[in-house]
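A, B, ... follow the sequence lines: proteins, then strands. Residue 1 opens every chain.
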Amino acid sequence: MEYNFKEIESNWQQFWKDHKTFAAKDGGDKPKYYVLDMFPYPSGAGLHVGHPLGYIASDIVTRYKRHKGFNVLHPMGYDSFGLPAEQYAIQTGQHPKITTENNIAVYRRQLDKIGFSFDWDREVRTSNPEYYKWTQWIFIQIFNSWYNPRTNKAENIKSLIAILETEGCKGIDHDILTGDIEKEVPAFTGEEWKAFDEKKQSDILMNFRLAYLGESFVNWCPALGTVLANDEIKDGVSERGGYPVERKMMKQWSMRITKYAQRLLEGLDTLDWTESLKEAQRNWIGRSEGSSLRFKTSIQSRSNSLSNKSVQEITTEFSDVYIEVFTTRPDTVFGVSFVTLAPEHELVASLTTPEQKAAVEAYIIQTKNRSERERQAEIAKITGVFTGSYVEHPFTGKQVPIWIGDYVLVGYGTGAVMAVPAHDSRDYAFAKHFDLPILEVISGGDLSKEAYDAKEGKLINSDFLNGLDVKEAVKKAIAEIEAKGLGKGKVNFRLRDAVFGRQRYWGEPIPVYYKNDIPYVLEESELPLILPEVDKYLPTEDGEPPLARASSSWKKDGKYEYEYSTMPGWAGSSWYFLRYMDPHNGSEFASKKLTDYWKQVDLYIGGSEHATGHLLYVRFWTKFLKDLGYIAIDEPAKKLINQGMIGGTSELMKEVRINREEIEEYNSVSKEIVIKKDGREIKRLDIGNGSDHCHVYLSYDSNLGVEYFDKENKTSINTELFQENRANVKYVMNSVLNIDKWIADQNYYRGSILISDEGYWNNDVYYDFEGNKIQSISFKTKPVVEKMSKRWNNVVNPDDICETFGADTLRLYEMFLGPLEQSKPWNTNGITGVHGFLKKLWRLFFSPSGGGQGEVVFAISPDEPTKAELKTLHKTIKKITEDIERFSFNTSISNFMICVNELTEVKCNKRAVLEPLLICLSPYAPHITEELWKQLGHTESITLAPFPDFNEAYLVDDNVNYPVSFNGKVKFTLELPATLTAPEVEAIVRQNENTVKFLDGKEPKKVIVVHKKIVNMVV
RNA sequence: GCCCGGAUGGUGGAAUUGGUAUACACGUACGUCUCAGAAGCGUAUGCCUUACAGCUUGCGAGUUCGAGUCUCGCUUCGGGCACCA
């Protein structure tokens, strides 16, 4: 009987489906284990080749844990709201719901083919009303909450109202009322609060709500017609689509994630995540310690610049106007030679003198027109303008000029900095450019060339700080600032509040309506607020989001307008791991009983691209739900693994690095390039032996064009340029025969030369124009599978592999490629190796029938295994267990191969050996093992079989093979009984004829014997 | 610029606590089976050598009886953050 993987795999996939083999039970005696994959966005392109990598790994762990007696929850679902479906809808008019459903069907078919053991009864889709009902419900809870600094957790807004009613706003730290920026806060008493009308109360509460409607600078993407969060932007353009993004002041919904900054940071220490991922989150949160400091300006104002207008109105007295800055270097305060404001800073207008008005206004217009991308690209370009006004230095009393510069960001700190050009390179560049004074206050640097940024040295020219080192000076400066009431020691975070509204159609409606200009959230009984139908998926003519198109019929109680923006992509994914625990609950997002049972995700697998997006938001919502007592856990996932990215076949593989000097010659007769390293020829590139054409990449700058050459005529066939700007062209190759020329001319070149049917050399030369850089060369072999069929070129679809080799081969192959966390190019080299392994395993169970040629029958022996067979088996059990516990799947497959090779060698077909082996292998290759398990006479799925125990006794060797080394170099080995003690081993080794030979009559200075390991003689 | 993580044969990679570097697989070569192909099976394969010998984990030092593994310096690739005060 042949190994007919197609039949076997479809049969077992059907069996599992029919028997609900992988359904997780909510409770029971078994310990629980929760394995979660990041659910996919069902794109039209189908399952991406990178997806199965993580899914296979998690499925192996899942199946292994089941064998080990755990009750495993392993669900799957779809993150089915999102931009691509909507963009497609805009183009085609097709409802995103339809395309999404079609895509999901494709995904499901693809997933099923690979034999995953998901509990599909728990499937969730974020775009289903039964699901987003609870996303909306959570939003309402967040809206109805504030962050109480006294208890350091989120609480219902009622507890804040209680405080305001009794204590007034004096009962609240200033920080809470005004956000992170410390300002004069107008006081109101509890009685006054009660007297405020509903609108005023609502406005004040909006400053506290964890989901709030507020005016702030946002990243506006005109092409997508929506605002974006910081993590949705890469290098100044939108992550999806790569459209430009600009800064814009807008009123929209946000989440006050900043209140959780400290806890999100501290929580990382409790997590078993990779250091690099935790580091990425730490960078993103960006905690920095320093001090606030106020500088008195020369103007006075009756308005005191509170962002909350209703509070503002109650203040009528005149007061001094201060510029507040945040600094991490309060020690350098005596080095302040100017103060810089962000162009958007609220005091800019009032501080500008009439003489400077025109210049300042021009500058502000200039910076406004500059896109975020331009600003980032032109970081070296220093721009700024003087306001004409001055502040008073708080310690020296000197007049310090106030400048405006776009290197100061309105979104961070206070949008104003105290500039210390001597000890901050950005301030230094600004000061040099505008010829402002540079005051040295820390010794140790040379200020004629650059700023001295290091936090080392002694303070000078700094009054009471003189003579201190930086650390002491920071402390003393803060103490002095606080004593004088000029500011206080403070922690600042880079993390921004998360923009929550999206001016798009395909997302969860925000469950809010407006009555008398006051936003109200819906009652739970009114959920879900169903996404309305619209005639077009575009904004209205008035620029309102697409949902406004439904406004004529879509009204709360037929009267009040709903919020027209929808939730961002991350809303639904911020709590889906909880819904899997109780997916059909109609009265709660998940019952407390079940969330208490399943608790945390034990293993979470997904891509590292979610490091600063999803993985931060899901932690935020988890902490929030814990604060309100809905769940018992503080972090969503204890252990997280990022599977590596999978690149395309055309990506570079391994490189050989060679200095240009080492390219010795190009022989234009034999058409060979000879590369030498350390005087040795290491590679000979034969370009004369190629196929029908050569193509050569020509480099103009850092990027390239490609030129194709006809091999026979040596003429250029076609040229494609990837870079428009040809100003940097230093050299253009006219024909392939010029290879000798570009070597001689030391030009910057990059090329790829097809040399044979087996593969080609990708030849990357990184010479700079000085000719002293290096070249890297790599050899690429064509995918083996390409030999069988042309369509295997550039395989990206897992279905095709399942079709040709089977799902078990695909699973093993993806794991065998290398460590899970490592990024690797996708290529199908070597897939025959793992496929051959499965066939070899299959053959262990079959013997020639004696009938027709090649006929085999299932034949298994009941005999007792030999000692060697038991050793092979138990060695494998031990290694596989260890490998799987540390997620080293590639090595476990090697170990299976070794095991099967050894068993094949001794023609072992004994039940007592093969049965346990099948169980070990079944997490990796579930179909073939189920089939053989059934052939062995079992009627139940192998899934339920307990994992075999490993017995140390079988691994004990009678003999030890001692390597004998001299000065650390192994010369020969000696097999000795394991019972010998170290001195006995030494005595035997000394007498050994080989030892005598290598010692050559000399007495070893020292002999080291490591018992059961090695012998080393020092001579 | 700052912060993480890498670099091992022709290729993907192994080496778990400092103890025989290159397991396992691919590729390649030769052989075998076959009318033939596919698929098997067998042998060889780090480099340099006819062979002995010698050399080898990006480069250079150091610690150690012994270093791919530990320490320091450098090169380079990948990732994250980035006028964040």
Side-chain angles (χ1 to χ4, degrees), chain A residues 2 274-284 286 288 290 325-329 340 375-376 379-382 405-409 411-414 416-420 424-427 429-430 453 492-495 608 611-612 645 652-657 680 682-683 758-759 774 776 778-781 784 788 813 816-819 821-825 827-834 836-837 839-840 843 853-854 879 882-883 886 888 890-891 893-898 901 961-973 1004-1008 1010 1013-1019:
Chain A
E2 279 291 299
T274 60
E275 204 42 50
S276 63
L277 193 124
K278 290 202 262 188
E279 206 52 41
Q281 291 213 345
R282 286 189 192 108
N283 283 341
W284 191 261
S288 57
V325 302
F326 172 74
T327 179
T328 56
R329 297 296 302 277
T340 315
R375 203 182 60 77
Q376 283 188 18
I379 242 158
K381 197 167 146 189
I382 296 157
D406 73 349
Y407 79 98
V408 179
L409 305 176
Y412 184 75
T414 61
V417 300
M418 60 176 224
V420 185
D424 182 291
S425 37
R426 295 152 306 182
D427 297 340
F430 197 84
D453 291 8
N492 228 332
F493 293 96
R494 203 188 68 92
L495 185 72
S608 57
T612 52
M645 305 252 206
L652 277 185
M653 295 174 198
K654 209 68 199 176
E655 292 182 342
V656 184
R657 307 210 142 267
R680 252 174 29 217
I682 62 162
K683 208 43 66 185
E758 299 306 328
I774 50 162
S776 67
S778 63
F779 182 76
K780 289 195 203 177
T781 50
V784 175
M788 302 174 190
Y813 181 61
F816 190 61
L817 270 175
E821 303 189 60
Q822 195 165 300
S823 288
K824 47 217 155 206
N827 73 84
T828 44
N829 287 358
I831 196 160
T832 51
V834 286
F837 157 74
K839 288 200 276 191
K840 209 165 175 176
R843 283 199 297 273
Q853 209 153 44
K879 293 214 162 182
E882 287 167 359
D883 286 343
R886 63 193 173 100
S888 177
N890 55 330
T891 53
I893 291 164
S894 298
N895 285 318
F896 281 123
M897 288 172 169
I898 293 168
N901 287 346
N961 202 14
Y962 279 97
V964 182
S965 57
F966 295 81
N967 292 336
K969 291 196 191 300
V970 178
K971 295 295 178 184
F972 61 94
T973 60
K1005 284 186 201 133
K1006 198 172 171 186
V1007 179
I1008 286 127
V1010 183
K1013 279 262 165 71
I1014 198 168
V1015 179
N1016 190 18
M1017 302 221 169
V1018 188
V1019 288

Would you indicate which nucleotide in [options] comes nearest to any side-chain atom of [X]?
X	options	answer
A:Phe816	B:G12, B:G54, B:G80	B:G12
A:Ile898	B:U20, B:G40, B:A23	B:A23
A:Trp284	B:A82, B:G13, B:A25	B:A82
A:Leu817	B:A85, B:C24, B:G12	B:G12
A:Lys840	B:A85, B:U20, B:C41	B:C41
A:Lys879	B:C24, B:U16, B:A15	B:U16
A:Leu409	B:U20, B:C26, B:A85	B:A85

Between [N] and [M], how many Å separate the two [atom1] atoms, rounded to a whole number?
N	M	atom1	answer
B:A51	B:A44	P	15 Å
B:U11	B:U57	P	16 Å
B:U56	B:G9	C1'	10 Å
B:G13	B:U22	C1'	10 Å
B:A21	B:A15	C1'	7 Å
B:C33	B:G42	C1'	11 Å
B:C52	B:U20	P	23 Å
B:C74	B:C4	P	15 Å

Problem - Test item: A:Ser965 side-chain N/O and A:Val1015 main-chain N/O as donor-acceptor pair under 3.5 Å - result: yes
Handout entry: Donor-acceptor under 3.5 Å (A:Asn1016 side chain, A:Ile1008 main chain)
Key = no
Verify the contact: side-chain N or O of [X] to OP1 or OP2 of [N], cut-off strictly under 4.0 Å; return yes or no.
X	N	answer
A:Asn890	B:A14	yes
A:Arg494	B:A82	yes
A:Ser288	B:A85	yes
A:Gln822	B:G13	yes

Completion exercise
Residues at least two apart in sequence or cross-chain that pass side-chain contact (heavy atoms from CB on, under 4.5 Å) with A:Lys840, listed by chain then number, are A:Arg843, A:Val900, A:Asn901, A:Thr904
Problem - By side-chain contact (heavy atoms from CB on, under 4.5 Å) - contacts of A:Thr328 (at least two apart) - result: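 A:Ser288, A:Phe326.
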Rounded distance (Å) that lies between atom [atom2] of [N] and atom [atom1] of [X]:
X	N	atom1	atom2	result
A:Asp453	B:A82	CG	C1'	14 Å
A:Arg329	B:C83	CZ	C1'	17 Å
A:Glu821	B:C4	CD	P	18 Å
A:Asn283	B:G80	CG	C1'	6 Å
A:Ile893	B:G12	CD1	P	18 Å
A:Met897	B:C24	CE	P	11 Å
A:Tyr813	B:A25	OH	P	15 Å
A:Asp883	B:A23	CG	P	17 Å

Completion exercise
Comparing nearest nucleotides in RNA chain B, the 5'-proximal residue of the pair A:Lys839, A:Asn901 is A:Asn901
Problem - Residue mapping more 5' on RNA chain B - nearest nucleotide basis, A:Asn961 or A:Met418 - result: A:Asn961
Can you list everything that forms a salt bridge (charged side-chain N to carboxylate O under 4.0 Å, His left out) with [X]? Sequence neighbours excluded, please.
X	answer
A:Glu882	A:Lys878
A:Arg282	A:Asp269, A:Glu275, A:Glu279
A:Arg329	A:Asp331
A:Asp424	A:Arg426

Please work out if [X] contacts a base, only the sugar-phosphate, or nothing of the nucleic acid, heavy-atom cut-off 4.0 Å.
X	answer
A:Ser894	base
A:Arg282	nothing
A:Val834	nothing
A:Glu279	sugar-phosphate

Exercise for the section: Enter syn or anti for the glycosidic conformation of B:G9, syn applying to angles within 90° of 0. Expected result: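 B:G9: syn.
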Would you tabulate the nitrogen or oxygen pairs shorter than 3.5 Å linking the protein to nucleotides 60-66 of chain B?
unit_1: B:C65; atom_1: O2'; unit_2: A:Asn1016; atom_2: ND2; d: 3.1
unit_1: B:C65; atom_1: O2; unit_2: A:Asn1016; atom_2: ND2; d: 2.6

Problem - side-chain contact (heavy atoms from CB on, under 4.5 Å) between A:Val1018 and A:Asn967, intermediate numbers included - result: CA-CA 5 Å; A:Val1018 188; A:Asn967 292 336; 3.8 Å; yes
Exercise for the section: Fill in the dot-bracket string of RNA chain B, one character per base: . for unpaired, | for a pair to another strand, ( ) or [ ] for pairs within the strand, taking Watson-Crick or G-U pairs under 3.5 Å. Expected result: (((((((..(((......[....)))((((((.......))))))((......))..(((((..]....))))))))))))....
Problem - Pairing residues for A:Tyr407 by the ring pair (Phe, Tyr, Trp, His ring centres under 6.0 Å) criterion, not counting sequence neighbours - result: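 A:Phe430.
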Problem - Side chain proximity check, A:Phe493 to A:Trp284, heavy atoms < 4.5 angstrom - result: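 No - every pair of side-chain heavy atoms lies 4.5 Å or more apart.
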Problem - Heavy-atom side-chain contact between A:Val834 and A:Met897 under 4.5 Å - result: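 Contact flag for A:Val834/A:Met897 side chains = yes.
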